[in-house]
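Below, chains carry the letters A, B, ... as their sequence lines are ordered, and counting in each starts from 1.
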2 protein chains.
Amino acid sequence: MATTAERPLRRDAERNRQRILDTAGLLFAERGLGVSLDEIARHAGVGVGTVYRRFPDKEQLIDALFEHRLAEILAAATDSLEMSDPWEALVSFLERSMELQVKDRGLKELLLGTSTAHARIEQGRQQIQPIVVALLGRAQTAGVVRDDINVPDLMLLQHAIGEAAEYTREVAPEAWRRVMSIALDGLRPDRRRPSPMPVPPLDEEQVVCSMREWGLRRRR
Amino acid sequence: MATTAERPLRRDAERNRQRILDTAGLLFAERGLGVSLDEIARHAGVGVGTVYRRFPDKEQLIDALFEHRLAEILAAATDSLEMSDPWEALVSFLERSMELQVKDRGLKELLLGTSTAHARIEQGRQQIQPIVVALLGRAQTAGVVRDDINVPDLMLLQHAIGEAAEYTREVAPEAWRRVMSIALDGLRPDRRRPSPMPVPPLDEEQVVCSMREWGLRRRR
DNA sequence: ACACAACCGGAGTCCTGGCCTCCACTTGGA
DNA sequence: TCCAAGTGGAGGCCAGGACTCCGGTTGTGT
């Protein structure tokens, strides 16, 4: 108690705090939660000390940073729930959620990773869960989604598609939509024809590039 | 020239060499290519020096180790090509290939990763490629696979499913088959009903466990 | 049985990279 | 003006991987 807003930061300090938050957001988004605080400091044009003074540990930085990101996914879920077509509703949520995760690698790691040690994130997840249950349930009772799948299947699917996105992110950042399209077609109980592909397929060269990029992204 | 089998190793040396190869195989399979030679030495019950004497660098160890693994995939491909039903042929290859990759994480990394610096692996890949083209082509002209997908799409799918497998590997090592089943249903140009799921879905607890495992597998 | 080249283990060096502390210097603002 | 608040970044600490070296051991040809 009496810890928050003890007293306003000096103006330069506040400015630095914001800079750190901003760059951390960027770096986490494009390289995942693994980036070091030193690196964030360097990119923010600020000393390491400054970072550590403001955020005693990485957890706090992450929590501060991802709260509203989580809220975005929650919003996507509730928005979708309001759509009248049960299939469109589910698809719209899955799509929006994937878009957010593709744009922000850190968010994805937070969503999929260890639950402990991020109370707020855990709480966010638990707000989202029932909505997903509702979305899936509605689609299934409407008969537009096969009923032998459950929510964990959707999670797995999201994770899988997310990795495909990761693989091609440098070369064809939208290619994951093809994978998703295939998966969505696979969720239907029956259908006459494939849904049209949202983006063109990868060509030979893009594959080679993706392989190279991916290879050296995991240091070796 | 005159380098191979210069002279047979002393018997104990040969025994150690084999031990190193064996344990390296195991460790690469379950933890990926990232494991250090020191660790391999420790698990093999052998000094680090012995490892480095026998395999001047990791590349050579890896090449020696994965040549026949690659051959297995190639065999899966050619075997499948001989099957009469074009759909069954494609499915059988994809399934076998995934099984191998799930069993051996190192193999997967090699298949998907950097092409350079592993000439033999690259060559193996190039033997497999045309067979996959044939498998897919045959299925498409037979009208059992939608024709707006190409080989890179299959790669992406494999990568994606592989990650789902990675995610649940400790808790439900067969769960990836559900994802694959959905994806396969998504590949058909049309169908009346979903194919039956090969394994039961994850329950709540398994999801939580997977999240935890996955979280701490990427150190943090 | 003996000698010795081949082989062994693993302590030790070097290096990279993360986390975090400390303190001499700057600066905002009462 | 003055000083508490704030700053930067050198440097300590530690983990862990790659690789070397050498005193000691062992297989083997004779």
Side-chain angles (χ1 to χ4, degrees), chain A residues 3-24 27-28 31-65 106 109 114 117 215-220, chain B residues 3-24 27-28 30-65 106 109 114 117-118 215-220:
Chain A
T3 47
T4 322
E6 278 263 26
R7 134 177 353 204
L9 290 174
R10 225 167 68 177
R11 209 176 297 146
D12 56 340
E14 180 54 37
R15 188 167 39 81
N16 278 336
R17 197 188 113 92
Q18 205 49 52
R19 266 229 273 269
I20 292 168
L21 240 21
D22 290 349
T23 31
L27 291 182
F28 284 151
R31 310 233 294 266
L33 302 177
V35 295
S36 67
L37 293 197
D38 289 53
E39 197 151 7
I40 292 172
R42 194 164 52 253
H43 278 75
V46 133
V48 218
T50 305
V51 175
Y52 281 97
R53 193 171 325 103
R54 222 43 80 194
F55 303 94
D57 54 29
K58 215 150 121 179
E59 308 296 294
Q60 288 187 33
L61 212 193
I62 291 178
D63 274 21
L65 214 38
E109 290 177 9
T114 167
L216 45 85
R217 212 172 309 149
R218 12 185 83 201
R219 304 299 96 211
R220 207 174 317 287
Chain B
T3 47
T4 323
E6 277 263 24
R7 132 178 355 201
L9 290 173
R10 226 168 67 177
R11 208 175 297 145
D12 55 342
E14 180 54 38
R15 187 167 40 80
N16 279 335
R17 197 187 113 92
Q18 205 51 51
R19 266 227 273 268
I20 292 167
L21 240 21
D22 290 349
T23 31
L27 290 183
F28 282 150
E30 66 187 28
R31 310 234 293 267
L33 302 177
V35 294
S36 66
L37 293 198
D38 290 54
E39 197 151 7
I40 291 172
R42 195 164 52 253
H43 278 75
V46 132
V48 215
T50 306
V51 175
Y52 281 96
R53 194 172 322 106
R54 222 44 80 192
F55 302 94
D57 55 28
K58 215 150 121 179
E59 306 296 293
Q60 289 188 31
L61 212 193
I62 290 176
D63 274 23
L65 214 40
E109 289 178 9
T114 168
H118 285 288
L216 44 86
R217 212 172 309 148
R218 16 185 80 200
R219 302 301 97 212
R220 207 173 320 286

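Judged by distance alone, the side chain of B:Lys58 and the main-chain N or O of B:Val35 form a donor-acceptor pair under 3.5 Å.
A heavy-atom distance below 4.5 Å is found between the side chains of A:Leu9 and A:Arg54.
Distances from the side chain of A:Thr50 to the nucleotides C:dG9, D:dT20, D:dT7 place D:dT7 closest. Across D:dC19, C:dC19, D:dG9, the shortest atom-to-atom separation from the side chain of A:Val48 is found for D:dG9. Of the listed nucleotides (D:dT20, C:dG28, C:dC8), C:dG28 has the atom at the smallest distance from the side chain of A:Arg11.
The shortest heavy-atom contact between B:Leu61 and B:Ile40 is CD1-CD1, 4.1 Å. Between B:Leu27 and B:Glu39, the shortest heavy-atom distance links the atoms CD1-O, 4.2 Å.
The residue among A:Arg53 and B:Arg53 whose nearest nucleotide of DNA chain D is located toward the 5' end is A:Arg53. Between B:Gly49 and A:Gly47, the one whose closest nucleotide on DNA chain D sits nearer the 5' end is A:Gly47. Toward the 5' end of DNA chain C, the nearer of the two residues B:Arg10 and B:Arg19, judged by each one's closest nucleotide, is B:Arg10.
What separates CG of A:Asp12 from P of D:dG6 is a distance of 8 Å, to the nearest Å. Distance CG (B:Asp38) to P (C:dA11): 12 Å, rounded to an integer number of Å. Rounded to an integer number of Å, the gap from A:Arg15 CZ to C:dG28 P is 8 Å. Between the OH atom of B:Tyr52 and the P atom of D:dC19 there is a distance of 5 Å, rounded to whole Å. Rounded to an integer number of Å, the gap from A:Leu37 CG to C:dC20 P is 7 Å. Going from atom CG of A:Asp57 over to atom P of C:dT21 covers 11 Å, rounded to whole Å. Atom C1' of nucleotide D:dA18 and atom NZ of B:Lys58 are separated by 9 Å, given to the nearest angstrom. Summarising the geometry, the separation between CD on B:Glu39 and C1' on D:dA18 is reported as 14 Å, rounded to the nearest angstrom.
Note on A:Asn16: only backbone sugar-phosphate atoms sit closer than 4.0 angstrom, heavy atoms only; bases stay farther off. Within the nucleic acid shown, A:Arg54 comes within 4.0 Å of sugar-phosphate atoms alone, with no base atom in reach, counting heavy atoms only.
For the atom pair CZ of B:Arg17 and CG of B:Asp22, the computed distance is 10.5 Å after rounding to the nearest 0.5 Å.
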